[in-house]
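Here the structure comes first, spelled out in structure tokens, and everything after it is commentary.
Each chain gets a letter, A, B and so on, in the order the sequences are listed, and its residues count up from 1.
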There are 2 protein chains.
Amino acid sequence: MTDEEIEPFLQHLQKRVPFSKQELEELLSYFREKKIKKRQFIIQPEFVARHRSYVLEGAFRAYVIDDGGEEHTIQFAIEDWWISDYNSYVYQTPATMFVVALEDSVILQIDYDSEQKLKAAHHRYETFFRIMAERSAAYQQRRVISNLTRTAEERYNDFAERYPLIVQRVPQYALASYLGMTTEFLSRIRNKKMKKKS
Amino acid sequence: MTDEEIEPFLQHLQKRVPFSKQELEELLSYFREKKIKKRQFIIQPEFVARHRSYVLEGAFRAYVIDDGGEEHTIQFAIEDWWISDYNSYVYQTPATMFVVALEDSVILQIDYDSEQKLKAAHHRYETFFRIMAERSAAYQQRRVISNLTRTAEERYNDFAERYPLIVQRVPQYALASYLGMTTEFLSRIRNKKMKKKS
DNA sequence: TTTATTTCCTGACCTGGTTCATTTTGTGGG
DNA sequence: CCCACAAAATGAACCAGGTCAGGAAATAAA
């Protein structure tokens, strides 16, 4: 991986913790670049999630399948986002999610043991992962609140406003299942909007 | 606060990170015990949440009020749990939640600046708060998944099985709003169950 | 460029859960 | 012990969003 390719990743790291040149280099040495084809899985149920992945290019979707066989999207990730089965990775237990590439993608992966080593070795790295976890918790909580307090249409509007890039790139049925509604209902919401505009 | 009173707290800390006697003492010196009367608020919207609180005794409830004036419970906390407005505390922005005591309670509070100092001073403390954040993120995510994949009745049954103590102690309307249903509907679910048992 | 497959749209009907209004039970305070 | 008020239960009408089924577009494969 060339310096240019990973520039966004370096920016990402330094925005969270002001690492020195050397620290960045050490940190970087634990990450491996990987190219993933559309429809390829990087995590599957039963297997333990061994990596945490940063998306350099492309898009992913994490989802579970319920008892009735329905898919429910748990998370999306495009450029500059992280993705994994959080529970599985953090506690090193078998995953319950699928994580699949929605497009041909390029990711940077760190494996669990390396992360542990890094965190143990330097306070700085521990801080970085603490901040990651905090942001993640805050994000999840906003989602819980949105689910509890807003209607299906409001949830869609909020999401579309906040993450327009994701709305453009992911298939509708995936977005619908993320927002907690059927693809049919989301289709209706969208078409209602279209008519208003004209 | 006597050693005996805070024994559960010490256990709690050491279950997460194997602190030394001195470390525990330093950590402890940053916490202040506080008695809170039933119906008293420890966090309110508009004000920044300055503390993170560990419940030694009693019970709390965090909730938001939506545009329509409805309350939605975001979190419960009984003995051995932490509570705050997570977003407000972590980012030091104005709270959106109320946190109120459901019973006369005793809590241990640490304030934001002290926590920052502790985390900066010792790797050990940073690790502790990293673990807290990870657990919190994992918990929230399980809740998101439960909301997406289960019916109202299933959510109640799951919760009742996992947290029987909380179900016994909190008012029904608070539990209903936590589970994302009306108090009337929860009442029906419960009464249906009662009949089956007899 | 044709065919196959996946995604999206649309209409008719259905239901889990809500709303509203009223009654019953519980409970904390004086 | 009683009263005032908060919490829980119950019935009936209603609705946001789901289900089912068929067809139209869009993508991908060959």
Side-chain angles (χ1 to χ4, degrees), chain A residues 37-40 59 61 63 66-73 76 98 100-104 146-160 166-196 198, chain B residues 37-40 58-59 61 63 66-73 76 100-105 146-160 166-198:
Chain A
K37 287 257 177 223
K38 182 165 176 174
R39 275 174 247 273
Q40 190 181 332
R61 164 181 176 238
Y63 63 96
D66 69 21
D67 303 343
E70 302 286 336
E71 294 182 5
H72 300 273
T73 301
F76 291 112
F98 296 86
V100 68
L102 294 170
E103 310 171 359
D104 290 352
S146 167
N147 283 156
L148 288 177
T149 61
R150 322 229 53 186
T151 65
E153 185 166 356
E154 288 168 340
R155 291 197 303 277
Y156 170 69
N157 290 335
D158 291 353
F159 190 87
I166 292 185
V167 172
Q168 281 170 35
R169 280 167 74 175
V170 307
Q172 210 88 255
Y173 66 87
L175 180 55
S177 80
Y178 177 92
L179 294 172
M181 66 186 83
T182 59
T183 180
E184 291 96 329
F185 197 68
L186 179 51
S187 170
R188 270 155 201 151
I189 289 172
R190 283 183 149 172
N191 290 355
K192 193 163 66 174
K193 267 203 128 93
M194 292 280 287
K195 278 180 192 160
K196 273 191 191 157
S198 59
Chain B
K37 288 258 176 221
K38 183 167 176 173
R39 274 174 249 273
Q40 190 180 330
R61 164 180 177 241
Y63 63 95
D66 70 19
D67 303 343
E70 302 286 335
E71 293 183 5
H72 301 272
T73 302
F76 291 113
V100 68
L102 294 171
E103 310 170 358
D104 290 353
S105 305
S146 166
N147 282 338
L148 288 177
T149 62
R150 328 248 340 152
T151 64
E153 185 166 357
E154 288 168 338
R155 291 197 303 276
Y156 170 70
N157 290 335
D158 291 352
F159 190 86
I166 292 184
V167 172
Q168 283 169 35
R169 280 167 73 174
V170 308
Q172 208 105 112
Y173 66 86
L175 180 56
S177 81
Y178 177 91
L179 294 171
M181 66 186 83
T182 59
T183 180
E184 291 96 329
F185 197 68
L186 179 51
S187 170
R188 269 151 205 157
I189 288 172
R190 283 183 149 171
N191 290 355
K192 193 163 67 176
K193 266 203 128 94
M194 293 280 287
K195 278 179 192 158
K196 273 192 191 157
K197 279 191 184 168
S198 58

Open item on the list: To the closest 0.5 Å, what do you measure between CD1 (A:I189) and CG (A:N157)?
Closed with: 7.5 Å
The side chain of [X] is closest to which nucleotide in this list: [options]?
| X | options | result |
| --- | --- | --- |
| B:S187 | D:dA7, D:dA9, D:dG18 | D:dA9 |
| B:M181 | C:dT18, D:dG17, C:dT7 | C:dT18 |
| B:E184 | D:dG18, C:dT19, D:dA21 | C:dT19 |

Task: Sub-4.5 Å side-chain heavy-atom contact between A:R150 and A:D158 - done: yes
Task: Any A:R169 side-chain heavy atom under 4.5 Å of A:L102 side chain - done: no
Task: Phosphate OP1/OP2 of C:dT18: any B:T182 side-chain N/O under 4.0 Å - done: yes
Task: Below 4.0 Å: OP1/OP2 of D:dT27 and any side-chain N or O of A:K38 - done: no
Over how many whole Å does the gap from [X] atom [atom1] to [N] atom [atom2] extend?
| X | N | atom1 | atom2 | result |
| --- | --- | --- | --- | --- |
| A:L102 | C:dT6 | CG | C1' | 14 Å |
| B:I189 | C:dT18 | CD1 | C1' | 13 Å |
| A:N191 | D:dA24 | CG | C1' | 13 Å |
| B:L186 | C:dT19 | CG | P | 15 Å |
| A:E153 | D:dG18 | CD | P | 13 Å |
| B:Y173 | C:dT27 | OH | P | 13 Å |
| A:L148 | C:dT18 | CG | C1' | 15 Å |
| B:L179 | C:dT18 | CG | C1' | 16 Å |

TODO: Using a 4.0 Å heavy-atom cut-off across all strands, classify B:F185 as base, sugar-phosphate, or nothing.
DONE: base
TODO: Would you classify A:T151 as touching base, sugar-phosphate or nothing, given that sugar-phosphate means primed atoms plus P, OP1 and OP2, and contacts are heavy atoms under 4.0 Å?
DONE: sugar-phosphate
- [ ] For the residue pair A:F76 and A:F159, categorise the inter-ring angle as parallel (less than 30°), tilted (30 to 60°) or perpendicular (more than 60°).
- [x] tilted
Task: Side-chain (A:T73) to main-chain (A:A174) donor-acceptor, under 3.5 angstrom - done: yes
Task: hbond_proxy A:R188 side chain to C:dG11 base (donor-acceptor, 3.5 Å cutoff) - done: yes
